[in-house]
Amino acid sequence: MSDLSQLQPGTHAVICGIDADESLFQRLAALGFRIGKKIEVIRRASFNGPLHVRIGTTDIILRITEARRIQISQQ
Amino acid sequence: MKRIALLGMPNTGKSTFFNRVSGASARVGNWPGITVDLMAAKLLLGGHIVEIIDLPGIYDLHGFSDDESVVRHFLENNDVDLAVIVLNGSQIDRQLSLALQVKALGLPCILLLNMSDEAKKSGITFNLPGMQQQLQMPVMQISAKHGNGCPEALKEAARHLAEQHPSPAEIREQLKNDDTIENQMEAIVKSTVHYPAQLDDLVTSRIDRVLLHPWFGLPLFFAAMYLLFQLIFTLGTPLQEGIAWALDLFRADVLEPLLQHAPSWFSGLMLDGIYNGIGTVAAFIPIIVLFFLVMTMVEDSGYLSRAAFLVDALMAKMGLDGRGFVMMLMGFGCNVPALMGTRVMRSRNMRLLTMLVIPLSLCSARLQVFLFMTATLFTPKQAPLVLFSLYMVSFATIFLTAIIYKGRYSSTEPFILELPPYRFPTPRQIWLRGWQEVRHFLTRASKFIIIGVLLVWALTNFPSDVPAASAGTIAGMIGTWLAPVLNPVGIDGQLAIALIFGFVAKEIVVGALAVIYGLQGDALMQVMATKLDWVQGMSFMLFTLIYTPCLSTIATLKNESKSIGFMMLSLLWSLGLAWVVSFVFYQTARALGY
Ligand SMILES: Nc1nc2c(ncn2[C@@H]2O[C@H](COP(=O)(O)OP(=O)(O)OP(=O)(O)O)[C@@H](O)[C@H]2O)c(=O)[nH]1
Ligand SMILES: [Mg+2]
């Protein structure tokens, strides 16, 4: 098992765990981060900037610190 | 009176719907978190006057940010007869949770799947009757932007206004209980929404590939800013000159003959006071309107979220994040809404740090002063470059401030932001916004400029036994009194008076100069050019750029931070920084022989 920050642009995986406190967890859930959902990394910003990911029809950007909290499995 | 509340996640088109059905002009933009406060309007529905409330977008009813607590506070304290839930139809797979939460409160609701145009384009279809049955509430597809389905939605709303609804106290109780809604949501979406196999929004993806390119993204951002700026300048300057010319003509051919026989103090007050002051300011209206038209297009395009993506790494080094950068860009229009926009941040420290830097954004009111000063002191070729360099100074002071204060306001605020698809505003949206800004400008003009101009006139004309604006007038005395502080930065007594009034609102500065010199338009520029050299002018502009933008900004700072100490910090810091920057510039330039 790895976390979202390790996923390469252009590849996808399935979310299998979210490690966040209550308020962050709720925000992530509202944006579509739910266990079992397919997630794709579209691109990474330069200088270790945020990740651009896609879940279903929603595009989201998030920092690497937040991406580390999301566990994924790549089949 | 019956009350309808618009609820939904951020950026789903609540304000667009609100504007469409009520004719109001709430601010709309392709950025989650444009609305951060309540806005109410009245409309006639089924023979009754109904109040409709536009609320900030919320991710869930238990959210912790300040804009979300606005909604929660509203629901806990006001009777709501009907909740109209607006969600982006294409994103129903995640947004339905909010509808289920609202329903669980026991509020009568109807559900509007907005942006039917976009859903149709990407081939997403809904089984509305099925969804209606499973949700136990009316569900309709609309496009708030283009108007499809909106009248029907209102009719449906009218039908549900008489239903039993829970009291605010009951809602307060309900909000305490948490519930798990996810499974229900998934089941409903699975059985009633059909997504095509291929979901990529090709246009958006293609544009993003260029604009978010790892190497070209940032240079493209700056190039785009420079081009927009050039566009405003190239289109706006002739318009501005045209108006100034017309106003001059009006004075010479109509007003002066008309006031020929009036007492000289009266014609002086009218012509050299009010008319000069207002006329000089009015000439900037076209540029300001153009500026806001461009801002509207940028805000509505969805590019702001992309800018946040591009600069976040850089901003993180300064203790800020990409959203803070977007607020600075919005601050280029007006600092007040930008300060309020920081409500989307949940960490207080992050909010305070962002609020500390926003007043340093070169807002449109300061732009006016700079347009005037650069036209006065520089050649038409140099002027735009000087102006652009002032924008760069604005960024530099922002970064400097953030770096200095990031230790004091450190935070671990998570940074997660939606990237909406690219959208283009309709002519109606552009027109609405442009008109609103003109109105805003005119209200401020009538409120501040007239009073300010009158006061300046009084200061420069009393006592009346000495020549106007000379050292013997009240203004002259204030100037002499401030000389020890302002001489080292090259600001003379006359400019000092303009600066004092600029503290109230920057719109007054140019008007005040017109009154102080008793001239307007070209004549004013010519006289000022002989009295000031470019080093003094530049020092004055730097000071104007950095010290406190206006009283409204200060009031907003206090309201949003709920701390007088913080407001004072911002005031003193910007005043001190303004002086130091002007001092360093002025003395260096002089030492170099300019
Ligand atoms: N294509 C399309 N775009 C829409 C529609 N309705 C709104 N928009 C766009 O969606 C964006 C967001 O609209 P707003 O009305 O500001 O959304 P909001 O829900 O008030 O957003 P917040 O105030 O941030 O919560 C704007 O760019 C609108 O022009 C629609 O029916 N179709
Ligand atoms: Mg809104």
Side-chain angles (χ1 to χ4, degrees), chain A residues 3-72, chain B residues 9-10 58-65 68 88-95 97-98 118-119 122 124 178 181-182 185-186 189 195 199-201 204-205 208-209 212-215 217-218 305-306 308-317 321-322 346 412-421:
Chain A
D3 67 66
L4 182 58
S5 69
Q6 296 156 339
L7 201 58
Q8 287 309 309
T11 57
H12 45 79
V14 171
I15 299 177
C16 60
I18 296 172
D19 162 35
D21 62 21
E22 170 83 15
S23 70
L24 181 58
F25 187 87
Q26 276 179 357
R27 174 61 57 92
L28 285 168
L31 284 166
F33 290 86
R34 293 203 170 84
I35 292 169
K37 286 268 181 184
K38 196 177 113 178
I39 186 167
E40 182 185 356
V41 173
I42 312 286
R43 60 172 58 81
R44 289 159 168 270
S46 31
F47 309 113
N48 268 328
L51 268 64
H52 173 181
V53 303
R54 181 170 299 158
I55 307 174
T57 45
T58 309
D59 280 25
I60 299 145
I61 57 180
L62 75 169
R63 276 191 186 162
I64 294 182
T65 2
E66 274 70 62
R68 288 213 185 94
R69 298 171 174 279
I70 295 164
Q71 276 99 45
I72 50 164
Chain B
M9 288 203 186
I58 46 172
Y59 286 102
D60 58 72
L61 284 173
H62 311 278
F64 299 93
S65 60
E68 287 179 316
N88 176 348
S90 311
Q91 301 183 339
I92 190 170
D93 55 332
R94 68 178 174 88
Q95 297 193 346
S97 58
L98 186 68
E118 286 183 0
S122 30
I124 302 169
D178 238 335
I181 275 168
E182 274 175 46
M185 168 160 89
E186 193 149 340
V189 170
Y195 280 107
L199 252 178
D200 232 3
D201 176 346
T204 291
S205 294
D208 272 347
R209 222 169 292 152
L212 298 183
H213 189 277
W215 299 327
L218 268 180
S305 308
R306 270 81 185 174
F309 175 78
L310 291 171
V311 300
D312 184 66
L314 181 67
M315 300 307 285
K317 296 211 166 53
D321 68 17
R346 281 186 283 183
T412 51
E413 166 102 349
F415 175 70
I416 310 162
L417 188 70
E418 302 170 47
L419 225 45

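Below, chains carry the letters A, B, ... as their sequence lines are ordered, and counting in each starts from 1. FYI, side chains are in, hydrogens and waters are out, and symmetry mates aren't considered; it's all heavy atoms of this structure.
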**Complete:** Ranking A/Ala20, A/Gly49, A/Ala29, A/Ser23 by heavy-atom pairs under 4.5 Å to chain B gives rank one to A/Ser23
**Prompt:** Based on non-hydrogen pairs under 4.5 Å, which of A/Ile61, A/Leu24, A/Ile60 is most in contact with chain B?
**Reply:** A/Ile61
**Prompt:** For chain A, which of B/Gly322, B/Pro421, B/Pro420, B/Ala313 has the most heavy-atom pairs under 4.5 Å?
**Reply:** B/Ala313
Interface moiety of [X] toward chain A, non-hydrogen atoms closer than 4.5 Å:
| X | result |
| --- | --- |
| B/Leu310 | neither |
| B/Leu212 | both |
| B/Ser305 | backbone |
| B/Asp321 | both |
| B/Glu68 | side chain |

Identify the two heavy atoms, one from [X] and one from [Y], that lie closest to each other, and give their separation to 0.1 Å.
| X | Y | result |
| --- | --- | --- |
| B/Ser205 | A/Arg54 | OG-NH2, 3.8 Å |
| B/Phe309 | A/Pro50 | CE1-O, 3.4 Å |
| B/Phe415 | A/Glu66 | N-OE1, 3.1 Å |
| B/Asp208 | A/His52 | OD2-CE1, 4.0 Å |
| B/Glu413 | A/Arg63 | O-NH1, 4.4 Å |
| B/Arg94 | A/Gly32 | CD-N, 3.7 Å |

**Message:** Let's go through A/Ile55 and B/Asp93 carefully: what are the C-alpha distance in whole Å and the side-chain angles of both, what is the deciding distance for side chain to side chain contact (heavy atoms under 4.5 Å, CB included) to 0.1 Å, and is it a yes or a no?
**Reply:** CA-CA 10 Å; A/Ile55 307 174; B/Asp93 55 332; 6.0 Å; no
**Request:** Might you confirm whether atom CG of A/Asn48 has over 12 heavy atoms from other residues, nucleotides or ligands at distances under 6.0 Å?
**Result:**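 Result for CG/A/Asn48: open.
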**Message:** Does atom CD (A/Glu40) have a neighbourhood of more than 12 heavy atoms from anything else shown, all under 6.0 Å?
**Reply:**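 Result for CD/A/Glu40: enclosed.
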By a 4.5 Å heavy-atom criterion (distance strictly below it), what part of [X] contacts chain B: side chain, backbone, both, or neither?
| X | answer |
| --- | --- |
| A/Ile64 | neither |
| A/Arg34 | side chain |
| A/Thr65 | neither |

**Message:** A side-chain contact here means heavy atoms from C-beta on lying under 4.5 Å apart; do B/Arg209 and A/Arg43 qualify?
**Reply:**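 Counting from C-beta outward, B/Arg209 and A/Arg43 do come under 4.5 Å.
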**Message:** Keeping B/Glu418 on the side-chain end and A/Leu31 on the backbone end, is there a donor-acceptor pair under 3.5 Å?
**Reply:** no
**Message:** B/Leu419 and side chain to side chain contact (heavy atoms under 4.5 Å, CB included): which single residue from A/Asp59, A/Ile42, A/Thr58 fits?
**Reply:** A/Asp59
